[in-house]
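Shown next, in structure tokens, is the structure this report addresses.
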Amino acid sequence: MMMKVMLIDDDVPMLEYVAYLLESLDIELKLVASASSSDRALEDFHETLPDVVIVDIGLPGMDGFELAEAFRMAKPEVRLVFLTCYEDFQYSKRAFQLEADDYLIKDELSIEQLGTSLRKAENRLRNREELLEQYSLRQTVERNKEVLLQSLLAQLLSPGIDAAQTLALGERLGLYWKLPYFRQGFLHVDAASLIERYGYADVRLIHFAVNNIAMELSAAHGAITPILTQESGIYLIWNVTGPDVSYQPLIDFMESVRAKVEQYLKIKVSGFYAEQTVPLQKFDTGYKSLNERRDNLFYDSNPEKTAIAAVGQSGGFRQMPERGWEKERSLLSLALEEGNAAWIDMAINPWIQQVVAERLQPRVVKEICGDLVRHMVFESKGIAESRFFILLGQAVHVEEAAQLTKRELRNLWRQHTLAPVSGQEKEIRLQEIDRFLDEHIDRMVSSLEMANHLHLNASYFSRYFKKMTGVNFTDYVNQYKMNMAITMLSQPNETVENVAYTLGFSNRAYFSKVFKKYSGNSPSEYKFQNSSSS
């Protein structure tokens, strides 16, 4: 494979020396960019998207570690080789945390050392490509199997089931259901934790990943079969000898899936199972009963302790609320009028406490959550994510519904309050870029991500954007966020920490550094000047 290599060092003679060493190496590589400043490095990286970056740590402005983090956001698989003038434990520790291929001392740099480092990077890149090819093939196979399993579930739920035909289809899929009874359950992916970490566009992909984990683990747990469905999460079918069989193997299986998903995907999964055991001919009855009882643990006081639970009879829910929700709607309107997102929590948190105390019918709670979001859509003239309403309807716990709702309300609040007014003269594509930045204002959007969103080649997008705006994409995003920060900091009760968090900055210090670069003052200085002038 031909590796694309990029060099970054503010010492120009050092750049030339490393470039000379690269030419002398017996490795297939191409030097695609050489930068002596961090600003130039960011621009060149997004234009060339190298496979390997050799970067000096002690750069002015953004240092080598900060650049590396920015590069990893744009291209997670990029390999890193750090250069430094002296050995330092903290530096080597940071390089290790960034999964660098090497950490080299400039004064000791030789062609042998550089060659060893680049061969290490080459091997890791090649291994990654091989793994991706294997995973792509496996995905294709698994998707086909997923469709067949869904067809099997449809047959199981059909009235007048043909047992012989259904069992024959199961055998073609490797399912040898020789025992007379079945138990059922499902794994539920907590939508609030999923959206917090990944976003709405990745819902289907993450559900598919969770199902893959369940499929891998099912081989070690007897005749337990996971089937990915649209409405019930991952449905579980367990073939058993009779009603007296212990539920523990099913509980252990769900717990193992839950633990592995939380370890690797960092999201929450809960498991539910029916205490009813049914023969094949009554499979549809058991399925219907389990789905009707999905919400029975909606008000469980500690969902963490009952992450795996039996779905029993309803605890008795109030069918109708005691009052309307005019107060909550007024507080949401106030959030828009005053430009302060804190009113959203003040509207939703006490309301949730009240419905928990009343044990209001879960279906009604989710309907009211949806109505509050639609109210904010109307007031803000914004656009709600359509998948929000689907996930809200599938929520199995009041906290999941509340967190989903508050997040969507905050998204609408950002659309209305934080977005700078777009001039009519802007190109349609630039308006689309601004809209995407508004929707993802709580995190850093890379040039590569934006190019993918617009279905453009990354290098072309970088050149096109610079020509259209006169600045590189990173500068544009930072200025865009700082315009919003200025608007937010103008509010008398707004804090620097909250602004930094709202705009996707991991810490106040980095936010302050960027704010000062683009505004000339630190956030604290700006707030002081603004309060003095008013």
Side-chain angles (χ1 to χ4, degrees), residues 69-78 99 128 131-132 135-136 138-139 142-143 146 186-216 226 228-234 257-271 303-304 307 369 373 383-397 399-415 435-455 477 501-506:
E69 289 175 346
F71 295 160
R72 277 274 161 84
M73 289 178 66
K75 186 177 180 179
E77 68 271 22
V78 68
E99 298 181 359
R128 182 181 183 278
L131 284 172
L132 285 176
Y135 182 67
S136 177
R138 183 177 171 191
Q139 268 194 323
E142 290 299 327
R143 282 199 182 101
E146 177 191 336
F186 68 91
L187 291 164
H188 174 76
V189 178
D190 182 270
S193 66
L194 189 160
I195 299 303
E196 186 69 30
R197 189 167 185 86
Y198 297 99
Y200 287 105
D202 298 318
V203 168
R204 184 63 181 168
L205 177 64
I206 298 303
H207 280 207
F208 185 77
V210 174
N211 188 60
N212 274 350
I213 291 173
M215 293 286 286
E216 287 176 0
L228 182 62
T229 71
Q230 292 286 354
E231 68 286 344
S232 301
I234 298 169
V257 175
R258 187 190 70 82
K260 197 165 186 179
V261 168
E262 291 191 9
Q263 178 185 359
Y264 291 105
L265 299 178
K266 311 300 183 187
I267 57 176
K268 297 177 182 178
V269 170
S270 49
E304 293 295 330
C369 284
V373 169
I383 300 174
E385 171 59 59
S386 60
R387 279 166 287 196
F388 157 77
F389 297 101
I390 296 172
L391 295 175
L392 176 65
Q394 295 171 350
V396 298
H397 193 271
E399 186 64 22
E400 180 186 6
Q403 292 302 323
L404 267 178
T405 302
K406 288 195 288 187
R407 182 173 179 81
E408 192 63 19
L409 290 170
R410 290 192 189 101
N411 284 341
L412 291 164
W413 177 86
R414 290 189 191 101
Q415 291 178 36
R435 185 190 66 78
F436 188 83
L437 292 177
D438 290 341
E439 292 179 354
H440 301 85
I441 199 64
D442 59 346
R443 61 183 179 83
M444 296 299 179
V445 176
S446 68
S447 175
L448 177 62
E449 183 180 4
M450 183 59 72
N452 289 338
H453 174 69
L454 297 174
H455 306 291
V477 172
Y501 173 78
T502 302
L503 297 179
F505 287 85
S506 57

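The figures that follow rest on heavy atoms only: side chains count, while hydrogens, waters and symmetry mates do not. Keep in mind it's a predicted model, so treat the numbers as computed, not measured.
- Nearest heavy-atom pair across Val189 and Glu400 is O-OE2, 4.0 Å.
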Exercise for the section: Apply side chain to side chain contact (heavy atoms under 4.5 Å, CB included) to the pair Ile383 and Glu439, showing each step before the final yes or no. Expected result: CA-CA 10 Å; Ile383 300 174; Glu439 292 179 354; over 6 Å; no
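- For the salt bridge (Lys or Arg N to Asp or Glu O under 4.0 Å) test, no residue two or more places apart in sequence or in another chain qualifies with Lys266.
- Atom CG of Asn411 sits about 10.5 Å away from atom CG of Asp438, to the nearest 0.5 Å.
- Each of Val261, Asn211, Ile267 was checked for a side chain to side chain contact (heavy atoms under 4.5 Å, CB included) with Ile206, and the lone residue meeting it is Ile267.
- Taking CG of Asn212 as the reference point, atom NE2 of His207 lies at 13.0 Å (rounded to 0.5 Å).
- Heavy-atom minimum distance, Val269 versus Arg258: O-CG, 2.9 Å.
- Counting only heavy atoms from C-beta outward, the side chains of His188 and His397 never approach each other to under 4.5 Å.
- Checking side-chain atoms of Gln263 against main-chain N and O of Ala259 turns up no donor-acceptor pair under 3.5 Å.
- Nearest heavy-atom pair across Val396 and Ser270 is CG2-OG, 4.3 Å.
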Practice task
For Leu392 and Val373, run side chain to side chain contact (heavy atoms under 4.5 Å, CB included): C-alpha distance rounded to whole Å, both residues' side-chain angles, the deciding distance at 0.1 Å, then the answer.
Solution key: CA-CA 11 Å; Leu392 176 65; Val373 169; over 6 Å; no
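- Of the inter-residue distances, the one linking Arg443 atom CZ with Leu437 atom CG reads 10.0 Å to the nearest 0.5 angstrom.
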Anything under 3.5 Å between a donor and an acceptor, one on a side chain of residues 190-198, the other on a protein residue two or more places apart or in another chain? List them.
unit_1, atom_1, unit_2, atom_2, d
Asp190, OD1, Ala192, N, 3.2
Asp190, OD1, Ser193, N, 2.8
Asp190, OD1, Ser193, OG, 3.4
Ser193, OG, Asp190, O, 3.0
Ser193, OG, Lys268, N, 3.1
Glu196, OE1, Arg407, NH1, 3.1
Tyr198, OH, Leu265, O, 2.6

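- The number of heavy atoms from other shown groups lying within 6.0 Å of OH (Tyr200) is above 12.
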Exercise for the section: List the steps, then state whether side chain to side chain contact (heavy atoms under 4.5 Å, CB included) holds for Phe388 with Thr405. Expected result: CA-CA 8 Å; Phe388 157 77; Thr405 302; 4.0 Å; yes
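- The distance from atom CD1 of Ile234 to atom CZ of Phe208, rounded to the nearest 0.5 Å, is 10.5 Å.
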Practice task
Please report the C-alpha distance between Glu449 and His453 in whole Å, then the side-chain angles of each, then the deciding distance to 0.1 Å, and finally whether the side chain to side chain contact (heavy atoms under 4.5 Å, CB included) criterion is met.
Solution key: CA-CA 6 Å; Glu449 183 180 4; His453 174 69; 5.8 Å; no
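- The minimum heavy-atom distance linking Leu412 with Ala384 is given by the pair CD2-N, 4.0 Å.
- For the atom pair CG (Leu409) and SG (Cys369), the distance works out to 8.5 Å, reported to the nearest 0.5 Å.
- Within the 3.5 Å criterion, the main-chain N or O of Glu408 finds no donor-acceptor partner in the side chain of Glu385.
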